[in-house]
2 protein chains.
Amino acid sequence: MKRKITLKQIARELEVSISTVSKALRNSAEISEDTKQKVQAFAKLYNYRPNNIALSLKNRKTNTIGIIIPEIVHHFFSKVIRGVELVANKRGYNVIVGLSNESFSKEVINMEMLANGSIDGFILSISKETQQLQDYHHFNETMSQGMPIVMFDRVVSDMNCDKVIVDDLNGAKNAVEKLLRNGCKSIALITTKDYVSVGKLRTQGYLEALEKHQIQPKADLILKIDDTLDYETRLDALENEIKQLFKANNGIDGVFAVNELYALSAMKVARKLGLNIPEDVQVIGFTDGVLSKHSTPSLTTVSQHAQQMGEKAADLLINKLENNIETEEEYFQTVIIATELIERESTK
Amino acid sequence: MKRKITLKQIARELEVSISTVSKALRNSAEISEDTKQKVQAFAKLYNYRPNNIALSLKNRKTNTIGIIIPEIVHHFFSKVIRGVELVANKRGYNVIVGLSNESFSKEVINMEMLANGSIDGFILSISKETQQLQDYHHFNETMSQGMPIVMFDRVVSDMNCDKVIVDDLNGAKNAVEKLLRNGCKSIALITTKDYVSVGKLRTQGYLEALEKHQIQPKADLILKIDDTLDYETRLDALENEIKQLFKANNGIDGVFAVNELYALSAMKVARKLGLNIPEDVQVIGFTDGVLSKHSTPSLTTVSQHAQQMGEKAADLLINKLENNIETEEEYFQTVIIATELIERESTK
DNA sequence: TTGTACGCGTTATCAA
DNA sequence: TTGATAACGCGTACAA
């Protein structure tokens, strides 16, 4: 079981100095053709590759991006990762993944772990717990150490860093307007508690759409789900809450849900109550998931372009990493990714 | 924008030597209480953390695991990653992700990239293209350099390395037997071309189940899909092929599909042909996905325990990495994860 | 044309 | 009790 070959070993074998080998391999003009040939041939034979760790230490640059997400078993986040990976690899970076599992402490620990030299910068979406606690000291510390952060989707709005967000407000607004144009008179909203930033924005979009059409929002039509419950109990509880929503409000003819699961559950409940989709109730969800496409009826959704978000985030981060010549004052941008309404069978 | 603080800076600031600082921080008995206190206080104040890269270089150990998968936007693989990450973090390792995107060359490049010192070992599932080409030189090279590999799910059977696989054959066999017990007489199989190792095994399970029940397999009932087609065109093509399957065989009353999408498509096509599920046709899929749970009717599936596979793979790899005292001859094991039949609405 | 010396940040060993 | 030195693997400025 032989180790990887190093410059030193090549040098010893060929009885030249290490720097000669180094230069020969980088095709330096300083080295004679003879030696170059000899060294290069030998290196090829033994499949020499420079050690990344040594390079990282020397260059104080790892060419690695750390990505911290709350959950990986999730279409949105895995698509974002794919986008990040795509761009990162193209630009010569690796991607190292940390999962916060929606926990504040795991987020902190993971970041500290990676921040100690393993990576050059972060791309992250904050955990629900962090959103609740509103404790952002780890982000500030990381940044004050000169390590850039790009936040995506769930961001801290008053933090000085690059951000990539979905146009949640307008995405929601457009969706609700679509329902209104389609003739819906009584549109229910199924959303999350307000501390989830994206849920809040989508709620706002719903309200603005109603307002624009001069419709008075009814509190009864708005269902705010506490999604900190665990997944197993959640499904039953969810459907129950939605059933109450339908029963408490006669004549719901449209539903806007801030994610895929809520939307699907709404369809399920509606059908159980004898309502047809889209004839009696039209439903729109907010998501990039697979369920929408394959459900029956398939679900009209507001697409978030998750992969594009990942790509953009990676580009922003790498640009920052490579622009050492940047202007004195830090310049941060917030990129807003437009949503797209994908019409399927759940709307007319 | 200050950099991270180093031993050297602390030493200079406190006017002691670097090694004193190092020892003081590790609470060495060699150092006086006074100095220790002073150094530790200062380090805490400036939030000193040793640089991982320097440690990696020195220890020739990165404490990082590389995971190479064909695709991340996929429930099975993201669940595996979660399992790997869980165990890895618990045992003090990070996880770095490489995507092959089902391409041989990307797999090779990604592995070379990571093998040059970035990681201590690999966990991987090989790409379809690699399976077709049967070119495994990169695995052999990596291992001959002393870097351990753990393969999962899609493995190379005659390769000397640890493996974690699903019991594809028996999982399939059990599923088909379930259909037989439920009264199915004419069971169709929707599978992949044989070069996909798991597809092949599941096909074999189907055949064995029939054989056990002394049923002659009919070639017409077996549909082998070429899944190298891209995703967009695939859905239509897929449904078309399945429709042909149904039309060519009157009286299909059971379908076993080697993945979720095939199973769902089968249900869709069956319904379009006026067949009821599970009354007229019973369907079982093979997967860990979300679609099964939320489809209508929900799909009975053979669960693969993806997360458990990831956990096991990580344990195997880390054990190998940390057992330097191992026996002389290399010892490799293949762990077989049992499947579980999750019964839902698509079977009686 | 080749080799020496240095530094990246750390720890271990040995000397003072 | 403290400090100097070497080493991990590499690239480069400078000396020979």
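Letters A, B, ... are given to chains in the order of the sequence lines, protein chains preceding strands, and every chain is numbered from 1.
Ion pairing between A:Glu85 and B:Lys106 holds under the 4.0 Å rule for side-chain N and carboxylate O. The pair B:Arg91-B:Glu322 meets the salt-bridge criterion, since a charged nitrogen lies less than 4.0 angstrom from a carboxylate oxygen. Salt-bridge formation is detected for the pair A:Glu102/A:Arg154: a Lys NZ or Arg NE/NH1/NH2 atom is positioned less than 4.0 Å from an Asp or Glu carboxylate oxygen.
Neither side chain, A:Thr64 nor A:Asn94, offers a donor N or O lying under 3.5 Å from an acceptor on the other. A donor and an acceptor atom, one from each side chain of B:Glu311 and B:Gln307, are located under 3.5 Å apart. Using a 3.5 Å distance cut-off with no hydrogens or angles, the side chains of B:Ser100 and B:Ser103 do not pair a donor with an acceptor.
Among the protein residues, B:Ser56 comes within range of no part of the nucleic acid, since none of its heavy atoms lies under 4.0 Å from any strand.
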Interface polar pairs with nucleotides 7-11 of chain C, N/O, under 3.5 angstrom:
{"unit_1": "C:dG7", "atom_1": "N2", "unit_2": "A:Lys58", "atom_2": "NZ", "d": "2.7"}
{"unit_1": "C:dC8", "atom_1": "OP1", "unit_2": "B:Lys8", "atom_2": "NZ", "d": "3.4"}
{"unit_1": "C:dC8", "atom_1": "OP2", "unit_2": "B:Lys8", "atom_2": "NZ", "d": "2.6"}
{"unit_1": "C:dC8", "atom_1": "O3'", "unit_2": "A:Arg60", "atom_2": "NE", "d": "3.4"}
{"unit_1": "C:dC8", "atom_1": "O2", "unit_2": "A:Lys58", "atom_2": "N", "d": "3.4"}
{"unit_1": "C:dG9", "atom_1": "OP1", "unit_2": "A:Arg60", "atom_2": "NH2", "d": "3.4"}
{"unit_1": "C:dT10", "atom_1": "OP1", "unit_2": "B:Tyr48", "atom_2": "OH", "d": "2.6"}
{"unit_1": "C:dT10", "atom_1": "OP1", "unit_2": "B:Asn51", "atom_2": "N", "d": "3.1"}
{"unit_1": "C:dT10", "atom_1": "OP2", "unit_2": "B:Leu7", "atom_2": "N", "d": "2.7"}
{"unit_1": "C:dT10", "atom_1": "O5'", "unit_2": "B:Tyr48", "atom_2": "OH", "d": "3.4"}
{"unit_1": "C:dT11", "atom_1": "OP2", "unit_2": "B:Ser22", "atom_2": "OG", "d": "3.1"}
{"unit_1": "C:dT11", "atom_1": "O2", "unit_2": "B:Lys58", "atom_2": "NZ", "d": "3.3"}

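Nucleotides of DNA chain D that come within less than 4.0 Å of any heavy atom of chain A span, from the 5' end to the 3' end, D:dC8 to D:dC14.
Of the residues listed (A:Asp162, A:Asp315, A:Asp120), the one engaging A:Lys320 in a salt bridge (charged side-chain N to carboxylate O under 4.0 Å, His left out) is A:Asp162, and it is the only one.
Axis angle across the helix from C:dT1-D:dA16 to C:dA16-D:dT1, with five pairs used at each end and values rounded to 10°: 70°.
Within a 6.0 Å radius of NZ in B:Lys312, other residues, nucleotides and ligands contribute 12 heavy atoms or fewer.
Within the 4.5 Å cutoff, the side chain of A:Ile69 has no heavy atoms near those of the A:Val80 side chain.
A perpendicular orientation is assigned to the rings of B:Phe76 and B:His74, their planes being inclined by more than 60° (bins at 30° and 60°).
As a whole-Å value, the separation of B:Ile31 CD1 from C:dA12 P is 13 Å.
In terms of phosphate contacts, A:Ser17 brings a side-chain nitrogen or oxygen within less than 4.0 Å of OP1 or OP2 of C:dG3.
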